[in-house]
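Accompanying notes for the structure given below.
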There are 2 protein chains.
Amino acid sequence: MSKELSTEAKIREAAKNVFIAKGFDGCTSREIAKAAGMNVALVNYYFCSKKQLFKLIFEAAMEDFMLSTVEVFRKDLSLESKMRIFIEREFEFLTMHPDIPRFILSELSRGDKCEFDHAGILDKIAETGVFEELMDAQEKGVIRKMDLTNLMLMIMSNCHYPFMAKPLMKYLNSLSEEEYQERLMLQKQYVTEMLIGYLFLPKTNI
Amino acid sequence: MSKELSTEAKIREAAKNVFIAKGFDGCTSREIAKAAGMNVALVNYYFCSKKQLFKLIFEAAMEDFMLSTVEVFRKDLSLESKMRIFIEREFEFLTMHPDIPRFILSELSRGDKCEFDHAGILDKIAETGVFEELMDAQEKGVIRKMDLTNLMLMIMSNCHYPFMAKPLMKYLNSLSEEEYQERLMLQKQYVTEMLIGYLFLPKTNI
DNA sequence: AAAGAATTTAAACGTTTGTTTAAAAATGAT
DNA sequence: ATCATTTTTAAACAAACGTTTAAATTCTTT
């Protein structure tokens, strides 16, 4: 692993791990300090307060979560290829950061404690031109005409939830970690085919 | 609302609301007592500890969450009708209890703090005979051959996630409460068609 | 090497936490 | 009405919380 990190970076890293694993309410400043291998006071020396440190971590996670995989839409590929690769990348990202969706949704629903600044996240997605491309495809009858908000929600449901529901599914079906990972990879295939099959209309040979 | 509840029931009710809204770590015993309109000590007088009260609430929520809508599968209907009605009921239940999925998945991932006893939940689902019916339908080529765990996950993804992601979607798309409720009803239609379309195979006229 | 600034530490601050105690109020039985 | 039991309250407990302070250490600059 990385050996030479600044104190500030070490705290940031520890805070990220602890916050994402346990949530803002589920951990203490001292726990973060210990995970970073140092004194409690240093956390506040560098980041003023638990709340402010959390805000930093949360917003970074949010950006990662929303933007890590949208670059596909800039590529010069067919819309269907883009969709397939997007889902592929999404599962890849979530395999490496399986706790992020639950973390984001939980903390967002905790709400007003401190208001988050995720201005422009949707703008950055829009910059890729994906929405225009989808609307074009709808006009041309390539894909189903449906609200894009709902489409977004549909894709996110099928990508995020399988990772969020891991403890539930593992328990209900008595699965080992390996078995669940297998199901996840299976699920990726299933949802890809289902989403593509639903979204893309059969070609009409006029 | 209901006026005549026993003290014990009042605490239970308050605890349910507070725990589900804020999570175990996000609230205090005093908060629950205040929500029930009484002293802190009474909470422990009736329920011994915060942890034990939580366990009670959690397990009740879990049962509701998993079993509230499975009765459809006992009915004498075509498999497709059952699927449609199941999704309908699921959205109905979640409209009334929109915070339960996030609550359950969050608290489950908090893990070992106290181990939950949801023994037999899958058994109770199995009792409806839905799994046999699905396997039969798979043998007969009525529905797609796929792992039933994955199918379950797929349905849950599309039903639960839209409610869990409400704060995220509302913010990203600047939707009012009413607008989001509209999207939810739209989503119900979309996911029903998508799931049915994916699961049920076209009839082969041998 | 000495001085000054930045970093790190141990200790303490006042609150709040979950829980307990002991007294008060309400209830039921005789 | 009197007593015993149950229910409710206010007060207190030690422990843990986020944060601050002031001293110790390290680093940088001269």
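By convention in this document, chain letters (A, B, ...) are assigned in the order of the sequence lines, proteins followed by strands, and residues within each chain are numbered from 1. Bear in mind the structure is a predicted one, so any value in this text is a computation, not a measurement.
- For the pair A/Asn44 CG and D/dA22 P, the computed distance is 16 Å after rounding to whole Å.
- Relative to the six-membered ring of B/Tyr180, B/Lys166 misses at least one condition, a distance below 6.0 Å or an angle of at most 45° to the axis.
- If you take NZ of A/Lys50 and P of D/dT20, they are 15 Å apart, rounded to a whole angstrom.
- Per the geometry, CE belonging to A/Met38 stands 15 Å off P belonging to D/dT26, to the nearest Å.
- For the pair A/Asp25 CG and D/dA16 P, the computed distance is 19 Å after rounding to whole Å.
- Atom CZ in A/Arg30 sits about 11 Å away from atom C1' in D/dT20, given to the nearest Å.
- Separation of the B/Tyr161 and A/Tyr161 ring centroids does not fall under the 6.0 Å cut-off.
- In summary, contact between chain A and DNA chain C, defined as any nucleotide atom under 4.0 Å from a heavy atom of the protein, begins and ends at C/dA6 to C/dA12 in the 5' to 3' direction.
- Residues B/Cys159 and B/Ile87 share a closest heavy-atom pair of SG-CG2, 4.2 Å.
- A 6.0 Å sphere centred on CD of B/Glu178 holds no more than 12 heavy atoms belonging to other residues, nucleotides or ligands.
- A donor-acceptor contact shorter than 3.5 Å is absent between the side chain of B/Lys16 and the backbone of B/Phe58.
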Heteroatom pairs (N/O) under 3.5 angstrom, protein to nucleotides 5-7 of chain D:
unit_1	atom_1	unit_2	atom_2	d
D/dT7	OP2	B/Tyr45	OH	3.0

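- At whole-Å resolution of the value, CZ in A/Phe47 and P in D/dT20 are 16 Å apart.
- For the pair B/Arg144 and B/Phe200, the NZ or CZ position fails the cation-pi test of under 6.0 Å to the six-membered ring centre and within 45 degrees of the ring normal.
- Aromatic ring centres of B/Phe86 and B/Phe73: separated by under 6.0 Å.
- A distance below 6.0 Å separates the ring centres of A/Phe65 and A/His160.
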